[in-house]
Amino acid sequence: MNHLSFSELCCLFCCPPCPSKIASKLAFLPPEPTYTLMCDDSGSRWTLHLSERADWQYSSREKDAIECFMTRTSRGNRIACMFVRCSPNARYTLLFSHGNAVDLGQMSSFYIGLGSRINCNIFSYDYSGYGASSGKPSEKNLYADVEAAWHALRSRL
């Protein structure tokens, strides 16, 4: 499941229920990270390194069309953001919130395919506790994550 220990399971179901804790433990299932982000010496350029588990289906030319960076949320977490320039003449950018139990590394090939098919760029981000993002997954962090992603998309791109 979500690597819950016996004591955590007992606490969840035997102690007085705390709905937000139960939801956080059972609803958010971050995978082991499938990528890393490495920052250059200037601190302004991030390089995406995908693991084999990311299942990259394209060449390095397509990977060069991916820009990654980190942004901070209102709750103090740093979340990883990915901008995929899928089409040189795209008029729109889609803000994509991926599903549970995946991270940006696993989704990167999908983003290129989707953006190419619908002729738009894709902007996505990892939730707190997913991939290279700091913090822990929770409902409150999720709201702060999407707000920070929206702000980063509007201000940086």
Test side chain to side chain contact (heavy atoms under 4.5 Å, CB included) applied to R53 and E32, step by step: CA-CA 10 Å; R53 292 184 322 111; E32 291 295 318; 3.2 Å; yes
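With sequence neighbours excluded, no residue forms a side chain to side chain donor-acceptor pair (under 3.5 Å) with S60. Applying the side chain to side chain donor-acceptor pair (under 3.5 Å) rule to S133 yields no partners; only residues at least two apart in sequence or on another chain are considered. Partners of K136 according to the side-chain contact (heavy atoms from CB on, under 4.5 Å) rule, which considers only residues two or more places apart in sequence or in another chain, do not exist here. Applying the ring-ring contact (aromatic ring centres under 6.0 Å, His included) test to Y143 and every residue at least two apart in sequence or in another chain returns nothing. Not counting sequence neighbours, D41 has no partner by the side-chain contact (heavy atoms from CB on, under 4.5 Å) test. Residues satisfying the side chain to side chain donor-acceptor pair (under 3.5 Å) test with Q106, not counting sequence neighbours, are none.
Note that CG of L37 and SG of C68 are 5.0 Å apart. Values are rounded to the nearest 0.5 Å. Rounded to the nearest 0.5 Å, atoms CD1 (I66) and CD1 (I112) are 4.0 Å apart.
Using a 4.5 Å cut-off on side-chain heavy atoms (C-beta onward), D103 and P33 make contact. Residues L104 and S124 are in side-chain contact: their nearest non-hydrogen atoms beyond the backbone lie under 4.5 Å apart. Residues I122 and T93 form no side-chain contact, since every pair of their non-hydrogen atoms from C-beta on lies 4.5 Å or further apart. Residues L50 and S108 are in side-chain contact: their nearest non-hydrogen atoms beyond the backbone lie under 4.5 Å apart. In this structure the side chain of N121 never reaches within 4.5 angstrom of the side chain of L94, judged on heavy atoms.
A distance-only check finds a donor-acceptor pair linking the side chain of D40 to the backbone of S44 [under 3.5 Å].
The stretch residues 29-60 participates, sequence neighbours left out, in these ring-ring contact (aromatic ring centres under 6.0 Å, His included) pairs: W56-Y58. Under the side-chain hydrogen bond (donor to acceptor under 3.5 Å, both in side chains) criterion, no residue pair touches residues 63-72, with sequence neighbours excluded. Sorted by first and then second residue, the pairs that involve residues 100-129 and meet ring-ring contact (aromatic ring centres under 6.0 Å, His included), not counting sequence neighbours, are F96-F110, F96-Y111, H98-Y127, Y125-Y127, Y127-Y130. The side-chain hydrogen bond (donor to acceptor under 3.5 Å, both in side chains) analysis of residues 146-157, with sequence neighbours excluded, yields no pairs.
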Show the atom names and distances, to 0.1 Å, of all donor-acceptor pairs under 3.5 Å that link a side chain in residues 74-89 to residues at least two apart or in another chain.
unit_1: R75; atom_1: NE; unit_2: N141; atom_2: OD1; d: 2.5
unit_1: N77; atom_1: ND2; unit_2: S128; atom_2: OG; d: 3.0
unit_1: N77; atom_1: ND2; unit_2: N141; atom_2: OD1; d: 3.4
unit_1: S87; atom_1: OG; unit_2: N89; atom_2: OD1; d: 2.7
unit_1: S87; atom_1: OG; unit_2: N119; atom_2: OD1; d: 2.5

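Closest non-hydrogen pair, P30 versus G129, comes out as CB-O, 3.5 Å. Contact detail for P137 and F28: the closest heavy-atom pair is CB-CB, 3.4 Å.
With a 6.0 Å radius and a threshold of 12 heavy atoms from other residues, nucleotides or ligands, R45 has its CZ atom at or below the threshold.
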